[in-house]
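Have a look at the structure below before the remarks.
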Amino acid sequence: MYKPKHFQETNEELMCGLMQAAPLATFIVESEEGIVANHIPFVFNGAELCSGELQAHIPRANPLSRILETERPCLTIFHGPDGYISPSYYATKPKHGKVVPTWNYCVVHVHGYAQLVDDAEWVRQQMELLTTLTEGSRPSPWAVSDAPAGFISALAKSLVGIRVSIERVEGKTKASQNQPQENQQSVLTFMDREGKNRELQSLMRSVLGDVNTR
């Protein structure tokens, strides 16, 4: 991934937070037929970013289950908030016009090795982990145990697990860090005025800090 110095993300807390807030990842492996990409929700399981693993499950019928019968290198991409930044947002536009459109975003790339887990009990436990992650903040969270036991047992047998051993993690946050302070402030002001992309605004503010006081 191309990462200019000012966009390199090294904050492990931020990267873990993104993975938890947006678990649906783009999962890429290379097979004999070529590069294969799937979109799968993953759960990070571990104490530290580069010493843990990613876990997921897929239908047994997914061709990926056959591909992963052999351990393979993989890339798992988590996507955070993103949005278009218009040149009109920049305070310096009327001064010199040397501004162009761009896109702000945050991503985490997890490099590792993926293997299949053909174990119904493991799959059930992974389903419970994912459910806790996605339902935990709801007023009345649904639990796997809410469904009939026989239904869940049959479902788990129709699924297989994926375990990704993490080798390397890299992050990129593009949040107008390369712009002068007046542009950073004007971008946020325009986005707020237009009521656009509150999640991206929140990310930018957390990265840029209080642009009014710098």
Side-chain angles (χ1 to χ4, degrees), residues 9-29 37-62 64-65 68 74-83 105-173 197-207:
E9 184 56 70
T10 59
N11 186 325
E12 288 200 5
E13 184 177 352
L14 186 149
M15 289 190 282
C16 282
L18 185 154
M19 292 161 61
Q20 293 174 338
L24 182 67
T26 303
F27 181 67
I28 303 169
V29 296
N38 282 263
H39 306 281
I40 304 169
F42 278 87
V43 175
F44 169 70
N45 189 11
E48 296 181 358
L49 198 56
C50 287
S51 62
E53 65 179 24
L54 299 177
Q55 299 178 354
H57 63 266
I58 58 173
R60 189 180 294 275
N62 188 326
L64 185 60
S65 64
L68 293 182
C74 63
L75 172 62
T76 309
I77 304 174
F78 293 86
H79 308 266
D82 71 276
Y105 59 90
C106 182
V107 292
V108 174
H109 287 198
V110 179
H111 302 261
Y113 288 85
Q115 62 181 25
L116 198 70
V117 183
D118 194 353
D119 182 326
E121 181 56 32
W122 188 97
V123 168
R124 180 191 173 91
Q125 292 176 7
Q126 200 282 322
M127 291 168 60
E128 291 175 344
L129 284 174
L130 182 60
T131 300
T132 299
L133 175 65
T134 53
E135 288 278 337
S137 61
R138 296 177 62 83
S140 299
W142 181 86
V144 173
S145 58
D146 290 346
F151 169 75
I152 294 298
S153 178
L155 177 62
K157 291 176 182 177
S158 72
L159 305 171
V160 289
I162 298 175
R163 175 187 285 136
V164 176
S165 301
I166 298 174
E167 296 288 316
R168 177 169 60 93
V169 179
E170 55 179 347
K172 181 176 181 179
T173 300
N197 210 328
R198 300 297 185 188
E199 288 188 355
L200 181 59
Q201 285 187 55
S202 178
L203 171 69
M204 291 174 62
R205 293 183 189 280
S206 69
V207 171

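Since this is a predicted model, take the numbers as computed values, not measurements. We number each residue from 1, following the sequence as shown.
For Phe44, there are no ring pair (Phe, Tyr, Trp, His ring centres under 6.0 Å) partners, not counting sequence neighbours. Listed by chain and number, the residues in a side-chain contact (heavy atoms from CB on, under 4.5 Å) with His111 are Leu75, His109, Arg168, Glu170 (sequence neighbours excluded). Looking at residues two or more places apart in sequence or on another chain, you find a side-chain contact (heavy atoms from CB on, under 4.5 Å) between Asn38 and Val36, Ile40, Asn62, Leu64. By the side-chain contact (heavy atoms from CB on, under 4.5 Å) test, Glu121 is found to be paired with Asp119, Arg124, Gln125, residues two or more places apart in sequence or in another chain being considered. By the side-chain contact (heavy atoms from CB on, under 4.5 Å) test, Ala22 is found to be paired with no residue, residues two or more places apart in sequence or in another chain being considered. Residues satisfying the salt bridge (charged side-chain N to carboxylate O under 4.0 Å, His left out) test with Asp118, not counting sequence neighbours, are Arg60. Listed by chain and number, the residues in a side-chain hydrogen bond (donor to acceptor under 3.5 Å, both in side chains) with Thr173 are Glu9 (sequence neighbours excluded). Applying the salt bridge (charged side-chain N to carboxylate O under 4.0 Å, His left out) test to Glu135 and every residue at least two apart in sequence or in another chain returns Arg138. For Phe78, the ring pair (Phe, Tyr, Trp, His ring centres under 6.0 Å) criterion is met by no residue, not counting sequence neighbours. Taking Glu53 as the reference, Arg163 meet the salt bridge (charged side-chain N to carboxylate O under 4.0 Å, His left out) condition, with sequence neighbours excluded.
For the pair Asn45 (side chain) and Gly52 (backbone), a donor-acceptor distance under 3.5 Å is absent. A donor-acceptor contact shorter than 3.5 Å links the side chain of Gln126 to the backbone of Gln55. Without hydrogens or angle criteria, Ser202 side chain to Arg198 main chain gives no donor-acceptor distance under 3.5 Å.
Taking SG of Cys106 as the start and CE of Met204 as the end, the distance is 12.5 Å to the nearest 0.5 Å. Between Thr134 atom OG1 and Leu129 atom CG the span is 10.5 Å, to the nearest 0.5 Å. Interatomic distance, Leu68 CG to Tyr113 OH, rounded to the nearest 0.5 Å: 14.0 Å.
With contacts defined as side-chain heavy-atom distances shorter than 4.5 Å, the pair Ile58/Val160 qualifies. Residues Leu203 and Leu14 form a side-chain contact, since some pair of their non-hydrogen atoms from C-beta on lies under 4.5 Å apart. Between Tyr105 and His79 the shortest side-chain heavy-atom distance does not fall below 4.5 Å. Taking 4.5 Å as the limit, some side-chain heavy atom of Val123 sits within range of a side-chain heavy atom of Met127. By the 4.5 Å heavy-atom criterion applied to side chains, His57 and Leu130 are counted as neighbours.
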Sequence neighbours excluded and cut-off under 3.5 Å, please list the side-chain donor-acceptor pairs for residues 146-155, or say none.
from: Asp146; atom 1: OD2; to: Ala143; atom 2: N; distance (Å): 3.0

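Looking at every heavy atom in both residues, Ala120 comes nearest to Ala156 through O-CB, 3.7 Å. In terms of heavy-atom proximity, Phe27 sits nearest to Ala114 at CZ-CB, 3.7 Å. Of all the heavy atoms in Ile28 and Ala37, the pair that sits closest is CG1-CB, 4.2 Å. Of all heavy-atom pairs between Leu54 and Met19, the closest is CD2-CE, 3.6 Å. Minimum interatomic distance between Ser65 and Leu116 (heavy atoms only, all atoms of both residues): O-CD2, 3.4 Å. Looking at every heavy atom in both residues, Leu133 comes nearest to Pro23 through CD2-CB, 4.1 Å.
Identified under the salt bridge (charged side-chain N to carboxylate O under 4.0 Å, His left out) test for residues 153-162, with sequence neighbours left out: none.
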